[in-house]
Number of protein chains: 2
Amino acid sequence: MQPPFHRLEEFVGLTPSDINLVRGWAANPRRVARHQPIRREGDPVNGVFFLLAGWAASSVILRDGQRQVIKVHLPGDMLGFPSLVLSSAGETLEAITDVSLCPIPNAAIGRLIEHNPRLTAALLLNTQKERVALMQALTWIGSASALARMAAFLLDLHDRLDSAGLVIDGTFDFPLTQQFIGDLLGLTAVHVNRTLKRLDATGYVDRKKGQITILDFEGLRSVSPNLPPEPAGRAAWSRIGGKA
Amino acid sequence: MQPPFHRLEEFVGLTPSDINLVRGWAANPRRVARHQPIRREGDPVNGVFFLLAGWAASSVILRDGQRQVIKVHLPGDMLGFPSLVLSSAGETLEAITDVSLCPIPNAAIGRLIEHNPRLTAALLLNTQKERVALMQALTWIGSASALARMAAFLLDLHDRLDSAGLVIDGTFDFPLTQQFIGDLLGLTAVHVNRTLKRLDATGYVDRKKGQITILDFEGLRSVSPNLPPEPAGRAAWSRIGGKA
DNA sequence: CGGTCCGTTGAGAGTGATCAACGTTAGTGG
DNA sequence: CCACTAACGTTGATCACTCTCAACGGACCG
């Protein structure tokens, strides 16, 4: 199977040798069954993970038992990067669906920085995009209503799935429980249910089992707290002096 | 004045030539008066900023006018990095106090990645630490009470100021309005006032004009939603194969 | 001295949480 | 293939944390 390059290639064009390097990573994927942990908070940090297929989640547990889901990861994402600066993993990574991913050991990251400026730039810029996504999430959760958060989440998810080629006609798989969405958006499962029902009743979305269809993008955007920032694409690379 | 190296050197030991390079950046600092913008959302992205002295903030505005403060920046921080992947700045940077900072143009970042793996690693790891901080903030705002958020914020601020050498005996400057804290923690200014008063009345903190003293660290930690993750320090660099 | 910003305090309202119950779906084992 | 069970989704009633609106005092600045 062709690894999902769309995230790595978003800002930097990869050379054939870069592509081969990544393909080398993806040669022996590790499979994890849905609902199984990939790496737990507190585990040793042996490297990062490149998600090849399936959905994953990263989350943090608070002392009172509350869980905050940080992000839903889709194919093409790099997982576990932030924990590189911690003495043990700072987030739990788990499979939402069956997933296929390849571990990238610490030493490989060091070699990359040392010898491959182009892929390093791709990683560095990708990380900045993750920061932008976190800033967005923080903004939604910090200052938008439940309805607005949900709308923003669904639109964002749609766009990310679309980039990965996983949307057909506004319809996409949706393997998330309402409890999970609650932990992601800072709401209770009960309120998630009411909010989704409201979006459904208004005609913005349609819910089937395990799938969602966005019926009215404009409507969703109108209740969304903001418009997503426009990515720079390859211009980001050329701006900092990169050669095509 | 000696530039604040403590952030850049946290994970990677810098060589004398690295240090000189950074000193070169800091040779001609730009000064910005308090409450003045450094760069506005939507402005062109000409580079990033290295904060030499003073406090700054990054924030995002929502369509309904709500402001979410993303982070309070202290001396030694790099500002505006996430916007590198956007077609225009995705966050507003502004001076909280009078500020001294040096602009690092885009091209300098590209040259760094190309020619200086050590400083590149320092930047990459620093960015991961920023992601961890964002994850923390998201967790607090998503699933902790006003009191817990405030406690966590004060403890975190104390620790960061301490790293920069700006704390004396638990006391530090505190130039933030309650409105600002509200925008940071996802609360209203009124509720910030009540929450701070509660922490004060309980004896956890003492407020003087423009300053705060933390009187009872254990007490604050006990109401805080979690303990901060432990940074790996230089081990992060050696783990990925970096030479001392 | 007057104006503006900031902090403080009170009263009332509302969004979302909590508690609880029930129906439905999916997974498991006989 | 069916019975059993646990997980998930749905709905109602009530509660409370935080917001909203409003007013006032003090500090700083022109």
Side-chain angles (χ1 to χ4, degrees), chain A residues 33-36 55 57 62 64-69 94-98 140-153 173-201 205-212 223 225, chain B residues 33-36 57 62 64-69 94 96-98 140-153 173-201 205-212 223 225:
Chain A
R34 71 192 188 109
H35 298 167
Q36 294 306 306
W55 295 34
L62 270 58
D64 64 2
Q66 276 271 333
R67 172 175 78 157
Q68 177 69 44
V69 173
E94 54 197 318
I96 296 175
T97 65
D98 290 351
W140 297 341
I141 291 183
S143 40
S145 68
L147 195 74
R149 283 180 223 182
M150 185 67 72
F153 167 60
D173 284 344
F174 194 73
L176 309 179
T177 68
Q178 294 180 354
Q179 176 66 53
F180 181 93
I181 302 170
D183 290 346
L184 177 72
L185 299 182
L187 302 169
T188 58
V190 172
H191 206 64
V192 166
N193 183 289
R194 297 193 160 113
T195 307
L196 275 175
K197 206 174 60 166
R198 193 131 78 94
L199 287 176
D200 194 333
V205 305
D206 186 41
R207 295 176 293 159
K208 303 211 180 58
K209 66 174 181 112
Q211 294 210 131
I212 278 202
V223 297
Chain B
R34 74 191 187 108
H35 298 166
Q36 294 307 306
L62 269 58
D64 64 2
Q66 275 271 334
R67 172 174 77 156
Q68 177 68 43
V69 172
E94 53 197 318
I96 296 175
T97 64
D98 290 350
W140 298 341
I141 292 182
S143 39
S145 69
L147 195 73
R149 284 181 223 182
M150 186 68 72
F153 167 60
D173 283 346
F174 195 73
L176 310 178
T177 68
Q178 295 181 353
Q179 176 66 54
F180 180 91
I181 302 170
D183 291 345
L184 176 72
L185 299 181
L187 301 169
T188 58
V190 171
H191 206 64
V192 167
N193 183 288
R194 298 193 160 116
T195 307
L196 275 175
K197 205 174 58 165
R198 193 132 76 95
L199 288 176
D200 194 333
V205 305
D206 185 42
R207 295 176 293 158
K208 301 211 181 59
K209 67 173 181 108
Q211 294 208 131
I212 277 202
V223 295

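Residue numbers begin at 1 in each chain, while the letters A, B, ... track the order of the sequences.
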Q) Should Leu176(A) and Phe153(A) count as side-chain neighbours, where that means a heavy-atom distance under 4.5 Å? A) yes
Could I get a table of every N or O pair under 3.5 Å where one atom is in the protein and the other is in nucleotides 23-26 of chain D?
none

Show me the donor-acceptor pairs within less than 3.5 Å that the side chains of residues 177-194 of chain A make with the rest of the protein, sequence neighbours left out.
unit_1, atom_1, unit_2, atom_2, d
Thr177(A), OG1, Phe180(A), N, 3.1
Gln178(A), OE1, Asn193(A), ND2, 3.0
Gln179(A), NE2, Asp183(A), OD1, 3.2
Asp183(A), OD2, Arg67(A), NE, 2.9
Asp183(A), OD2, Arg67(A), NH2, 3.2
Thr188(A), OG1, His191(A), N, 3.3

Q) Between atom NE2 in His191(A) and atom P in dT14(D), what is the gap in whole Å? A) 19 Å
To check you understand the geometry: which heavy-atom pair defines the closest contact between [X] and [Y], and what is its length?
X	Y	answer
Arg149(B)	Ile141(B)	NH2-O, 3.5 Å
Pro225(A)	Ala148(A)	CD-O, 3.4 Å
Gln66(A)	Ser143(B)	OE1-CB, 3.3 Å
Thr97(A)	Pro175(A)	CG2-CG, 3.6 Å
Leu199(A)	Ala151(A)	CD1-N, 4.4 Å

Students often get this wrong, so: under 4.0 angstrom with heavy atoms, is [X] touching a base, only sugar-phosphate, or nothing?
X	result
Arg198(A)	nothing
Gly186(B)	sugar-phosphate
Gly182(B)	nothing

Q: Please name all residues satisfying salt bridge (Lys or Arg N to Asp or Glu O under 4.0 Å) with Asp200(A), sequence neighbours left out, ordered by chain then number.
A: Arg207(A)
**Q.** Residue list, salt bridge (Lys or Arg N to Asp or Glu O under 4.0 Å) with Asp206(A), at least two apart or on another chain
**A.** Lys208(A)
Q) Who are the side chain to side chain donor-acceptor pair (under 3.5 Å) partners of Trp55(A), not counting sequence neighbours? A) none
**Q.** Residue whose closest nucleotide on DNA chain C lies nearer the 5' end, Thr188(A) versus Lys209(A)
**A.** Thr188(A)
**Q.** 5' to 3' contact window, DNA chain C with chain B (heavy-atom distance under 4.0 Å)
**A.** dC6(C) to dA11(C)
Q) For the helix from dC1(C)-dG30(D) to dG30(C)-dC1(D), what is the angle between the axes at its two ends, each from 5 pairs, rounded to 10°? A) 50°
Q | Nucleic acid footprint by protein, nucleotides 6-11 of chain D - heavy-atom cut-off 4.0 Å, B for base, S for sugar-phosphate alone | A | --SSBB
Q: With sequence neighbours left out, write down each residue that passes side chain to side chain contact (heavy atoms under 4.5 Å, CB included) with Arg34(A), or none if nothing qualifies.
A: Asp98(A)
